[in-house]
Colleague: 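Here you go, one structure.
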Amino acid sequence: MNKTVFLGALTVAGLAAGIAGAATLDDVKARGKLNCGVTTGLVGFAAPDANGEWTGFDVGICRAVAAAVLGDPKAVEFVPTTGKTRFTALASGEVDLLARNTTWTFSRDVDLKFTFIGINYYDGQGFMVPKALGVSSAKELDGATVCIQTGTTTELNLADYFRKNNMNYEPVPIETNAEAQQQFLAGACDVYTTDASGLAATRATFENPADYVLLPEIISKEPLGPLVRHGDDEWADINMWTLNALISAEELGVTSANAADMAAAPGNNPEINRLLGTEGSLGAMFGLSDDWAKNAILAGGNYGELFEKNIGENTPIGLARGLNAQWTEGGLIYSPPFR
């Protein structure tokens, strides 16, 4: 095992253990804002716009949690993190929540002492190459130079895939997606590999996207989701059920456009009423107001609204729902019941 990686894992785990049990909800309320770790910039998922305002699919999770806890979706401090710095930022308490296309794995959960609070995007690792390279399959990449973000599952999957297929490659290590894009476009590497959603998001920013192709192979499972530290179950529950609220809202037909009206004039659907806080007192069970979920939905919309607005088929990124469709539509997106 690489000694640096091993010591790094020990450091992250030690930091997380050191502040386990802390009442994060109290800290967030006292501070008056949520510190949310995001990527350094991936269009559609998390990136600042021309005015410095953070937008994106993952950003929507941060804003929903801030709205649920503080009643204000803008009460968020966004902390950009790389593949290498993200876990230290969470373990040390620099951020309260990490929402940046991070894969749920055994070691991150158990060894690094993190709690993944759900899956907000089912993904898999892919490959992007210039069309001019004339390659139509990843099996043709023997001897290629590959841009790869360090400190990621992508790095490990790449090594496994080439080993299983008796191929060699030359890694070009990079820290951020912006650096990968720059190196790839400059020809410093033949291939860029990361989550397929990230490749689509990156290609959408190119001056000539059609000059680049995504190869058909998906070589891994990458269940992406937000995470918090072990040891604070109440905070984990708040984040988990905020994500579930957005998912349930889509299934139940509750949107950013109708949530307020539905709450003002409750109908005869008990689960919608419980979700919006007009029946029962679910919010009180973890120290929030009864309208916490309504506030989360109003922050940026339900799960489907966030998807379509930021990364869906009518955006430059153009992702189909696929596995990320609701379970009622043949996908894997599914929330436990609100009762």
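Quantities reported herein were computed from a predicted structural model and do not represent experimental measurements. Quick note: numbers below take in every heavy atom, side chains included, and nothing from hydrogens, waters or symmetry partners.
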Colleague: Can you find a pair of side-chain heavy atoms, one from Leu141 and one from Leu215, that are under 4.5 Å apart?
Modeller: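 Yes - at least one pair of side-chain heavy atoms lies under 4.5 Å apart.
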
Colleague: So which heavy atom on Ala259 is nearest to which on Ile297, and how close?
Modeller: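 For Ala259 versus Ile297, the nearest heavy atoms are CB-CG2, 4.2 Å.
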
Colleague: May I have the list of side-chain donor-acceptor pairs in residues 76-84 shorter than 3.5 Å, sequence neighbours left out?
Modeller:
residue : atom : partner : partner atom : Å
Glu77   : OE1  : Lys33   : NZ           : 3.3
Thr81   : OG1  : Val38   : O            : 2.9
Thr81   : OG1  : Arg100  : NE           : 3.1
Thr82   : OG1  : Lys84   : N            : 3.2
Thr82   : OG1  : Thr85   : N            : 3.1
Thr82   : OG1  : Thr85   : OG1          : 3.2

Colleague: Does the side chain of Trp235 reach to within under 4.5 Å of the side chain of Val28, using non-hydrogen atoms?
Modeller: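 The answer is yes; the side chains approach within 4.5 Å.
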
Colleague: Closest heavy-atom contact between Thr145 and Cys189?
Modeller: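 Distance-wise, the nearest heavy atoms are OG1-CA, 3.2 Å.
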
Colleague: Is the shortest heavy-atom distance from the side chain of Glu217 to the side chain of Lys139 under 4.5 Å?
Modeller: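 Glu217 vs Lys139: side chains touch.
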
Colleague: Does any N or O in the side chain of Asn208 come within less than 3.5 Å of the main-chain N or O of Ala210, such that one atom is a donor and the other an acceptor?
Modeller: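 No, because the side chain of Asn208 does not come within donor-acceptor range (under 3.5 Å) of the backbone of Ala210.
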
Colleague: Tell me yes or no: between the side chains of Thr255 and Glu305, is some donor less than 3.5 Å from an acceptor?
Modeller: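 There is no such pair between these side chains.
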
Colleague: So, using salt bridge (charged side-chain N to carboxylate O under 4.0 Å, His left out) as the criterion, who are the partners of Glu53 when residues are at least two apart?
Modeller: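 Glu53 satisfies salt bridge (charged side-chain N to carboxylate O under 4.0 Å, His left out) with Arg63 once adjacent residues are dropped.
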
Colleague: If you look only at pairs with a residue in residues 253-284, which of them pass as a ring pair (Phe, Tyr, Trp, His ring centres under 6.0 Å), with sequence neighbours excluded?
Modeller: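 Sorted pair list comes back empty.
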
Colleague: Write down the atom of Ala260, the atom of Leu298, and the distance for their closest heavy-atom approach.
Modeller: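 Smallest interatomic distance, heavy atoms only, reads N-CD2, 4.2 Å.
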
Colleague: Given side chain to side chain contact (heavy atoms under 4.5 Å, CB included), test Trp104 with Leu227 step by step and report yes or no.
Modeller: CA-CA 9 Å; Trp104 189 346; Leu227 53 154; over 6 Å; no

Colleague: Of all residues at least two apart in sequence or in a different chain, which pass the salt bridge (charged side-chain N to carboxylate O under 4.0 Å, His left out) check with Asp96?
Modeller: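 Checked Asp96 against salt bridge (charged side-chain N to carboxylate O under 4.0 Å, His left out); matches are Arg31.
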
Colleague: Set out, in order, the CA-CA distance, both residues' side-chain angles and the distance that settles side chain to side chain contact (heavy atoms under 4.5 Å, CB included) for Asn120 and Asp58, then state yes or no.
Modeller: CA-CA 8 Å; Asn120 72 329; Asp58 287 332; 3.2 Å; yes

Colleague: What residues form a side chain to side chain contact (heavy atoms under 4.5 Å, CB included) with Leu323, not counting sequence neighbours?
Modeller: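 Scan of Leu323 (side chain to side chain contact (heavy atoms under 4.5 Å, CB included), adjacent residues dropped) gives Tyr122, Leu332.
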
Colleague: Scan residues 238-284 for pairs that pass ring pair (Phe, Tyr, Trp, His ring centres under 6.0 Å), counting only residues two or more places apart or in two chains.
Modeller: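 Those involving residues 238-284 are Trp241-Phe338.
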
Colleague: Show your working on side chain to side chain contact (heavy atoms under 4.5 Å, CB included) between Leu112 and His230 and close with a plain yes or no.
Modeller: CA-CA 9 Å; Leu112 297 188; His230 271 189; over 6 Å; no

Colleague: Below 4.5 Å, heavy atoms only, C-beta onward: do Ile238 and Trp292 meet side chain to side chain?
Modeller: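 In short, these two side chains do not touch, never coming nearer than 4.5 Å.
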
Colleague: Which other residues end up in the same hydrophobic cluster as Tyr212, if Ile, Leu, Val, Met, Phe, Trp and Tyr are linked when side-chain heavy atoms come under 4.5 Å apart?
Modeller: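 Grouped by the 4.5 Å side-chain rule, Met128, Phe184, Leu185, Tyr192, Leu199, Phe206, Leu214 form the rest of the cluster around Tyr212.
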
Colleague: Under the side chain to side chain contact (heavy atoms under 4.5 Å, CB included) criterion, do Thr315 and Asn310 qualify, and how do the steps go?
Modeller: CA-CA 7 Å; Thr315 69; Asn310 293 292; 6.0 Å; no

Colleague: For residues Val129 and Val135, report the shortest heavy-atom separation together with the two atoms involved.
Modeller: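 Smallest heavy-atom distance, with atoms named: CG2-O, 4.3 Å.
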
Colleague: Please confirm whether the backbone N or O of Gly301 pairs with a side-chain atom of Lys309, one donor and one acceptor, at under 3.5 Å?
Modeller: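 Answer holds: no.
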
Colleague: Taking salt bridge (charged side-chain N to carboxylate O under 4.0 Å, His left out) as the definition, give me every residue that meets it alongside Lys131, ordered by chain and number, with sequence neighbours left out.
Modeller: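 Per chain and number, Lys131 pairs via salt bridge (charged side-chain N to carboxylate O under 4.0 Å, His left out) with no residue.
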
Colleague: Which residues satisfy the side chain to side chain donor-acceptor pair (under 3.5 Å) test with Glu155, sequence neighbours excluded?
Modeller: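 Per chain and number, Glu155 pairs via side chain to side chain donor-acceptor pair (under 3.5 Å) with no residue.
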
Colleague: Check the side chains of Thr328 and Gln326 for a donor-acceptor pair under 3.5 angstrom, ignoring hydrogens and angles.
Modeller: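 Not at all, the side chains of Gln326 and Thr328 share no donor-acceptor pair under 3.5 Å.
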
Colleague: Measure centre to centre between the rings of Tyr303 and Tyr121, then say whether the value is under 6.0 Å.
Modeller: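 No: the rings miss the under 6.0 Å criterion.
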
Colleague: Would you mind writing out the side-chain donor-acceptor pairs for residues 278-287 within the sub-3.5 Å range, not counting sequence neighbours?
Modeller:
residue : atom : partner : partner atom : Å
Thr278  : OG1  : Asn273  : O            : 3.3
Glu279  : OE1  : Asn273  : ND2          : 3.2

Colleague: Identify whether Phe57 and Ile333 are in the same connected component of the hydrophobic contact network (ILVMFWY, side-chain heavy atoms under 4.5 Å).
Modeller: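 Result: yes, single cluster for both.
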
Colleague: Can you name the closest pair of heavy atoms from Pro226 and Gly118 and give their distance?
Modeller: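 Result for this residue pair: CD-O, 3.8 Å.
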
Colleague: Would the distance check show the side chain of Asn302 and the main-chain N or O of Val254 forming a donor-acceptor pair, the cut-off being under 3.5 Å?
Modeller: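 Yes; at least one donor-acceptor contact below 3.5 Å.
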
Colleague: Tell me whether Asn314 at atom CG has more than 12 heavy atoms from other residues, nucleotides or ligands lying less than 6.0 Å away.
Modeller: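 No, because the 6.0 Å sphere around CG of Asn314 holds 12 heavy atoms or fewer from other groups.
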
Colleague: Considering residues, nucleotides and ligands other than Glu140, do more than 12 of their heavy atoms fall under 6.0 Å from its CD?
Modeller: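 Above 12, so yes.
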
Colleague: With the side chain counted from C-beta on, respond yes when Glu94 and Asn35 share a heavy-atom pair under 4.5 Å apart, and no when they do not.
Modeller: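 Side chain of Glu94 against side chain of Asn35, heavy atoms only: no contact under 4.5 Å found.
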
Colleague: Just verifying a value: how many Å separate Leu276 CG and Leu252 CG, rounded to the nearest 0.5 Å?
Modeller: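 So the CG of Leu276 and the CG of Leu252 are separated by 9.0 Å.
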
Colleague: Considering only heavy atoms from C-beta outward, does the side chain of Thr39 approach that of Asn177 to under 4.5 Å?
Modeller: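 Thr39 vs Asn177: side chains apart.
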
Colleague: Let me confirm one number: the OG1-CD1 distance from Thr194 to Ile148, rounded to the nearest 0.5 Å.
Modeller: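 One gets 7.0 Å once the value is rounded to the nearest 0.5 Å.
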
Colleague: Do side-chain atoms of Asn157 reach the backbone of Ser220 as a donor and acceptor pair under 3.5 angstrom?
Modeller: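 Not a single qualifying donor-acceptor pair exists.
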
Colleague: Which distance, rounded to the nearest 0.5 Å, do you find between the CG of Asp123 and the CG of Asn324?
Modeller: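 CG of Asn324 is found 7.5 Å from CG of Asp123.
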
Colleague: For the side chain of Arg108 and the backbone of Thr103, is there at least one donor-acceptor N/O pair under 3.5 Å apart?
Modeller: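 Between the backbone of Thr103 and the side chain of Arg108 there is a qualifying donor-acceptor contact (under 3.5 Å).
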
Colleague: Please round to the nearest 0.5 Å and tell me the distance separating atom CG of Leu319 and atom CD of Glu308.
Modeller: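 If I round to the nearest 0.5 Å, the distance is 9.5 Å.
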
Colleague: About how many Å separate CD1 of Ile317 and CD1 of Ile311, when rounded to the nearest 0.5 Å?
Modeller: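 One finds 7.0 Å between CD1 of Ile311 and CD1 of Ile317.
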
Colleague: Applying salt bridge (charged side-chain N to carboxylate O under 4.0 Å, His left out), can you list everything that pairs with Glu250, at least two apart in sequence or on another chain?
Modeller: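 Partners of Glu250 under the salt bridge (charged side-chain N to carboxylate O under 4.0 Å, His left out) test: Arg321.
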
Colleague: Sorted by first residue and then second, give each ring pair (Phe, Tyr, Trp, His ring centres under 6.0 Å) pair with at least one member in residues 124-150; sequence neighbours left out.
Modeller: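 Pairs touching residues 124-150 that pass the test: Phe127-Tyr161.
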
Colleague: Using only heavy-atom distances, determine whether the side chains of Asp195 and Ser197 contain a donor-acceptor pair under 3.5 Å.
Modeller: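 Their side chains do not contain a donor-acceptor pair, so the 3.5 Å distance test is not met.
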
Colleague: Find out whether Asp160 and Ile219 are in side-chain contact, i.e. whether some heavy atom of one side chain is under 4.5 Å from a heavy atom of the other.
Modeller: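 Side-chain contact under 4.5 Å: no.
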
Colleague: Of the non-hydrogen atoms in Leu275 and Ala293, which two are nearest, and what is the gap between them?
Modeller: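 Looks like O-CB, 3.1 Å.
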
Colleague: Rounded at 0.5 Å granularity, tell me how far CG in Leu98 sits from SG in Cys62.
Modeller: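 Answer rounded to 0.5 Å: 8.5 Å.
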
Colleague: Is there a side-chain contact between Thr154 and Gln149, using heavy atoms and a 4.5 Å cut-off?
Modeller: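 Heavy-atom side-chain distance check fails, nothing below 4.5 Å.
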
